[in-house]
Amino acid sequence: MYVVLLGPPGAGKGTQAQRIAAATRLLHISTGDMFRENVKNGTNLGKLAETHMSKGELVPDEVTIRMLLERIGRPDAAAGAMFDGFPRNVVQAAALDAALASRGAKIDRALMIAVRDEELVARLGGRWICRNCGQLYHERNDPPKKPGLCDKCGGELYQRDDDRPAVVAARLEKQKPPAALVEHYRTLGVLKEIDGERSLDAVTADLLEAIR
Ligand code: AMP
């Protein structure tokens with residue numbers, strides 16, 4: 001089964017993807033995580049990606065698609081995967097469709113986590129990530145027990161450059177799923193919209209129901 005998770009930045013895609021991966025054991029593929037890993041390791045791909053990420057812009061399609069196709073070509077993705085942060089536009093969606101079709105597979109579900117703009121702005125400023133284990137927190141919705149420290153591993157929490165206020169507004173405008181992308185999956189008959197303005201648990205439950 002191949003699932004695409006769609007939603008604007010701040011809709012809770014990353015958190016929900018982690019929960020769904022844990023509950024279903026679907027392989028979680030996040031292009032954002034892959035880029036951040038490359039940035040951390042100082043690879044050429046990371047250096048290139050960082051010039052775009054730091055400005056709240058998308059990394060060019062050619063680079064992103066090449067990285068994603070390489071990832072889904074590995075054996076652990078043969079049985080299925082959940083895509084988080086990919087595709088961001090119709091060009092990327094078509095590349096993914098073609099790659100899956102070439103092995104007799106397709107996107108089975110596109111799950112859109114819907115959240116209004118006003119709510120997104122309130123949410124986006126408050127996101128923190130553990131530098132050590134990657135666990136996500138939110139100042140308002142899901143705070144760590146001790147400020148600045150990870151509940152799970154005690155690691156230091158940090159704020160992504162692209163979660164800083166100056167970059168947030170630009171990201172929202174540039175990184176909402178374009179209407180054409182949502183239409184792409186609606187036309188394929190696999191789109192399901194989920195109200196993302198509820199508790200984490202309620203949203204997870206709906207996502208799991210849509211997958212199972
Ligand atoms: P995310 O963690 O999905 O919010 O991604 C963080 C950043 O990585 C984005 O702001 C983009 O700069 C880049 N990125 C992640 N996925 C993609 C993608 N599918 N296409 C282009 N850029 C991406």
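For clarity, every value in this text was computed on a predicted model and none was experimentally measured. Whatever order the structure lists them in is the order used to number ligands and atoms, beginning at 1.
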Checklist line | Heavy-atom gap Met34 to ligand 1 smaller than 4.0 Å | finding: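 False for this residue.
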Next item on the list: May I ask whether Lys13 has any heavy atom positioned less than 4.0 angstrom from an atom of ligand 1?
Entry: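 Not so, Lys13 does not reach ligand 1.
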Next item on the list: Could you verify whether a donor N or O on one side chain and an acceptor N or O on the other, from Asp161 and Ser54, lie under 3.5 Å apart?
Entry: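 Result is no, nothing qualifies.
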Notebook entry, point to check: Side chains of Asp97 and His184: do they bring a donor and an acceptor to under 3.5 Å?
Noted result: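 Indeed, the side chains of Asp97 and His184 share at least one donor-acceptor pair under 3.5 Å.
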Check whether any N or O atom of [X], backbone or side chain, sits under 3.5 Å from an N or O atom of ligand 1, and answer yes or no.
X: Arg36; answer: yes
X: Gln92; answer: yes
X: Arg88; answer: yes
X: Ser30; answer: no
X: Phe86; answer: no

Next item on the list: Please check if atom CZ in Arg25 has more than 12 non-hydrogen atoms from other residues, nucleotides or ligands closer than 6.0 Å.
Entry: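 No - once you tally the heavy atoms of other residues, nucleotides and ligands closer than 6.0 Å, there are 12 at most.
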Check: Does a sphere of radius 6.0 Å around CD in Glu70 hold more than 12 heavy atoms from other residues, nucleotides or ligands, not counting ones at 6.0 Å or beyond?
Finding: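 It does: Glu70 CD has more than 12 such atoms within range.
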Tell me which protein heavy atom sits closest to [atom], plus the residue, atom name and distance to 0.1 Å.
atom: atom 10 (O) of ligand 1; result: Gln175 NE2, 2.8 Å
atom: atom 12 (O) of ligand 1; result: Glu57 O, 2.6 Å
atom: atom 23 (C) of ligand 1; result: Phe35 CE1, 3.7 Å
atom: atom 21 (C) of ligand 1; result: Val59 O, 3.2 Å
atom: atom 16 (N) of ligand 1; result: Thr31 OG1, 2.8 Å

Notebook entry, point to check: If you measure from the Lys or Arg side-chain nitrogens to the Asp or Glu carboxylate oxygens, is any gap between Asp61 and Arg88 under 4.0 Å?
Noted result: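 Salt bridge absent between Asp61 and Arg88.
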Note to self: Could you check whether Lys176 pairs with Glu173 (Lys NZ or Arg NE/NH1/NH2 to Asp/Glu carboxylate O, under 4.0 Å)?
What the structure shows: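 The answer is yes: the pair qualifies as a salt bridge.
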Notebook entry, point to check: What do we get for Glu50 next to ligand 1 when only non-hydrogen atoms under 4.0 Å count, side chain, backbone, both or neither?
Noted result: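 Contact part for Glu50 vs ligand 1: neither.
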Note to self: Tell me the contacting part of Leu58 for ligand 1: side chain, backbone, both, or neither, using a 4.0 Å heavy-atom threshold, strictly below.
What the structure shows: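 For Leu58, the contact with ligand 1 is made by both the backbone and the side chain.
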Check: For the hydrophobic clusters of this structure (ILVMFWY residues joined by side-chain heavy atoms under 4.5 Å, transitively), does one cluster hold both Phe86 and Ile107?
Finding: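 Same cluster: Phe86 reaches Ile107 through Ile, Leu, Val, Met, Phe, Trp or Tyr contacts under 4.5 Å.
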Item checked: Minimal non-hydrogen separation, Leu5 against Ala17, with atom names ->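 For Leu5 and Ala17, the tightest heavy-atom pair comes out as CD1-CB, 3.8 Å.
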Next item on the list: Drop me the distance from Arg116's CZ to Glu197's CD, to the nearest 0.5 angstrom.
Entry: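 So the gap between those two atoms works out to 4.0 Å.
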Note to self: Return the OG1 to CZ distance between Thr31 and Arg71, rounded to the nearest 0.5 Å.
What the structure shows: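 Here the interatomic distance stands at 12.0 Å.
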Item checked: Identity of the nearest option to atom 8 (O) of ligand 1, non-hydrogen atoms only, from Met53, Lys55, His52, Met67 ->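 Comparing heavy atoms across Met53, Lys55, His52, Met67, the nearest one to atom 8 (O) of ligand 1 lies in Met53.
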Notebook entry, point to check: Which of the numbered atoms in ligand 1 are below 4.0 angstrom from a heavy atom of Arg160?
Noted result: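 Under 4.0 Å from Arg160, ligand 1 has these atoms: 1 (P), 2 (O), 4 (O), 6 (C).
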